[in-house]
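Notes follow the structure.
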Number of protein chains: 2
Amino acid sequence: MSTPTPDQTLPEGAFLQGLQSLRAACSNCNLRELCLPVGLSADEMQRVDELVRTRRQVLRGEHLFRTGDAFHSLVAVRTGFFKTKVLLADGREQVTGFHMAGEVIGLDGIGNERHTCDAVALEDSEVCVLPYGRLAGLSREVEALHRRLHQIMSSEIVREHGVMLLLGSMRAGERVVAFLLNLSRRLAMRGYSERDLHLRMTREELGSYLGVKLETVSRALSKLQADGLLEVSRRNVRLLDLPALRALLAKSE
Amino acid sequence: MSTPTPDQTLPEGAFLQGLQSLRAACSNCNLRELCLPVGLSADEMQRVDELVRTRRQVLRGEHLFRTGDAFHSLVAVRTGFFKTKVLLADGREQVTGFHMAGEVIGLDGIGNERHTCDAVALEDSEVCVLPYGRLAGLSREVEALHRRLHQIMSSEIVREHGVMLLLGSMRAGERVVAFLLNLSRRLAMRGYSERDLHLRMTREELGSYLGVKLETVSRALSKLQADGLLEVSRRNVRLLDLPALRALLAKSE
DNA sequence: CGGCAGATTGAAGTCCATCAAACGTCGTGG
DNA sequence: CCACGACGTTTGATGGACTTCAATCTGCCG
């Protein structure tokens, strides 16, 4: 493997720290069916390879970007787990999402060239850096990439509609179930068990995402366990009765 | 004015109802500084004119689109006021946004070619129909349009982050103030008073958006009136002390 | 004028937040 | 190796914010 040539167009600073010497490429990435290159032909994917040259390691607790940072790149999660959060003037914070392998982070920065939220690794992670300028340029040549970018952004909007529904219209117990089923589905899509979940976030972070306090999350989980629908042990959750859990959402009372 | 030639590439069906014989064009639209063509040169705007040929009238209470409808076009609000909402299986609904002149609706449909929410006119309105296929095609030729589309979607993501913060981290009174200030700012951007607001939605719709019950909205408004910060009379709100209202959010307690 | 939808206000109840204590787990250092 | 402490989690008791239920009021439109 040859010594990598640093990409001259990459932003200086934070993004160059932790640069990996691995050759990044979508073409031989096992996430290509989930991630940015969905819908691209082999040829098209190779053109994307040209600009997805940089991988970055992000350690647990490290920020990928912060509110106010200049926006240069989107980021695709390769391994690991992230949270994004927004802050209120008085320090209150709201977790806006949890992000796992194959998901793209940083879309918030496109609009005004600055990030408007923080992204923090919840475990040691690796991401692919997607320089936005080059991505946008290529997407004008490769229609499938253009479509895919629009699709990714649109899906993020739809995802957030779901969170708004959760925060605005569900009670605490329902929110927890909705979260678990969503996580279960995303794990299943990646070939993991849909029953055995390992939560990567604290009860407090989960509570923030769900708009309730950490004690409420804990109580809701205990209640579901008492009802025989799942087993909880710290951050490990086993879903014992998926149909019943789904029914809790589909038909509330 | 000559008889308009119906655009052959437009989708059949619902969108053709209420077709206006007015010649739609961004170039001579007074919203061009707020709407889709922001950042486009005169030449570029004329190219957009070619595909923004159709205006549609939407009466109060009418749906612009519904969950499940096939997605063909984005829609720019020209006059009037819309809400978008998502539905839960048991009938509960969550208003995800209120949309006024210059704002683009329907971004949720891009991802999977179907709409995932309902858009309803809250007063008699007029919209410009933006056939998505042609818009995407043109955006590959006109870079400024490409950027603008990305920007619109990114801004929508950022807006929703703000709503999530509101729903997840604020108390009822703060939510109402945040909503009023947001509306005030958007009206001011359009040349209207930032103090005199006319709410276009019922207390119930506003409560749904804010994740509280209609009575709670009503009480919060009454409280703000009692505190001398505003005057309410049915759907008319006059903000009497904007700095104090802003301070309520900037520094809670 | 009468009826109705929407808005306000009050009283009672529920869900969740808050405060508090105890427990388990993990990593560190004695 | 165990003790210790920090951190995260669980669980209980109490209180508060918002919901629910209900009555009344207002303005609008037929």
Side-chain angles (χ1 to χ4, degrees), chain A residues 59-61 83 90 92-95 120 122-124 166-180 197-227 230-237 248 252-253, chain B residues 60-61 83 90 92-95 120 122-124 166-180 197-227 230-238 248 252-253:
Chain A
L59 298 179
R60 185 162 178 275
K83 70 171 174 183
D90 62 0
R92 278 178 285 184
E93 79 178 44
Q94 173 69 29
V95 171
V120 184
L122 295 184
E123 59 181 15
D124 293 353
L166 179 148
L167 289 171
S169 303
M170 292 185 187
R171 15 201 64 217
E174 295 169 331
R175 297 183 197 188
V176 171
V177 172
F179 165 77
L180 291 173
L197 318 180
H198 182 71
L199 308 184
R200 296 316 191 344
M201 72 293 295
T202 66
R203 298 287 189 267
E204 183 169 23
E205 288 163 333
L206 182 48
S208 168
Y209 177 66
L210 299 177
V212 298
K213 292 293 153 185
L214 66 97
E215 297 94 330
T216 303
V217 174
S218 184
R219 278 186 242 270
L221 287 171
S222 298
K223 171 84 163 48
L224 290 166
Q225 178 168 244
D227 293 348
L230 51 76
E231 282 171 3
V232 205
S233 169
R234 283 183 71 73
R235 297 200 183 172
N236 298 300
V237 178
L248 280 185
S252 293
E253 77 239 51
Chain B
R60 183 163 179 278
K83 69 171 174 182
D90 63 359
R92 279 178 285 184
E93 77 178 44
Q94 174 69 30
V95 172
V120 184
L122 296 184
E123 59 182 17
D124 293 353
L166 179 148
L167 289 171
S169 303
M170 293 185 185
R171 11 203 70 217
E174 295 170 331
R175 297 183 197 190
V176 171
V177 172
F179 166 78
L180 292 173
L197 318 179
H198 180 71
L199 308 184
R200 298 307 181 11
M201 72 293 294
T202 66
R203 297 288 189 267
E204 183 169 23
E205 288 163 332
L206 182 48
S208 169
Y209 177 65
L210 299 176
V212 298
K213 292 292 154 186
L214 66 98
E215 296 94 331
T216 303
V217 173
S218 184
R219 280 186 242 268
L221 287 171
S222 298
K223 170 83 162 48
L224 290 165
Q225 178 168 246
D227 293 348
L230 50 76
E231 283 171 3
V232 204
S233 171
R234 285 185 70 74
R235 297 201 184 173
N236 298 301
V237 177
R238 168 167 294 168
L248 279 186
S252 294
E253 75 239 55

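Convention: sequence-line order gives letters A, B, ...; per-chain numbering from 1.
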When you get a sec, tell me which of [options] is the closest nucleotide to the side chain of [X]?
X: A:R203; options: D:dT9, C:dA7, D:dC21; value: D:dT9
X: B:T202; options: D:dT9, C:dC16, C:dG6; value: C:dG6
X: A:V212; options: D:dA22, D:dT9, C:dA17; value: C:dA17

_I'd like to know if B:E123 and B:R60 make a salt bridge, using a cut-off of under 4.0 Å between side-chain N and carboxylate O._
no

Sugar-phosphate, base or nothing in reach of [X], heavy atoms under 4.0 Å:
X: B:T216; answer: base
X: B:L221; answer: nothing
X: B:R171; answer: sugar-phosphate

To the nearest 0.5 Å, what is the distance between [atom1] ([X]) and [atom2] ([Y])?
X: A:L167; Y: A:R175; atom1: CG; atom2: CZ; result: 5.5 Å
X: B:L199; Y: B:E205; atom1: CG; atom2: CD; result: 11.0 Å
X: A:L197; Y: A:N236; atom1: CG; atom2: CG; result: 9.0 Å

Separation of [X] atom [atom1] from [N] atom [atom2], in whole Å?
X: B:M170; N: D:dC18; atom1: CE; atom2: C1'; value: 17 Å
X: B:Q225; N: C:dA7; atom1: CD; atom2: P; value: 15 Å
X: A:E215; N: D:dG8; atom1: CD; atom2: C1'; value: 12 Å
X: B:L214; N: C:dA5; atom1: CG; atom2: C1'; value: 12 Å
X: B:K213; N: C:dC16; atom1: NZ; atom2: P; value: 13 Å
X: B:R234; N: D:dC29; atom1: CZ; atom2: C1'; value: 12 Å
X: B:R200; N: C:dA7; atom1: CZ; atom2: P; value: 14 Å
X: B:R175; N: D:dA17; atom1: CZ; atom2: P; value: 14 Å

For a quick test of reading the model: is some side-chain N or O of [X] closer than 4.0 Å to OP1 or OP2 of [N]?
X: B:R219; N: C:dT8; result: no
X: B:S222; N: C:dT9; result: yes
X: B:R235; N: C:dA7; result: yes

_Under-3.5 Å donor-acceptor pair between A:E204 side chain and D:dC7 base_ = no

*Going by heavy atoms in the side chains, are B:V95 and B:M201 under 4.5 Å from each other?*
no

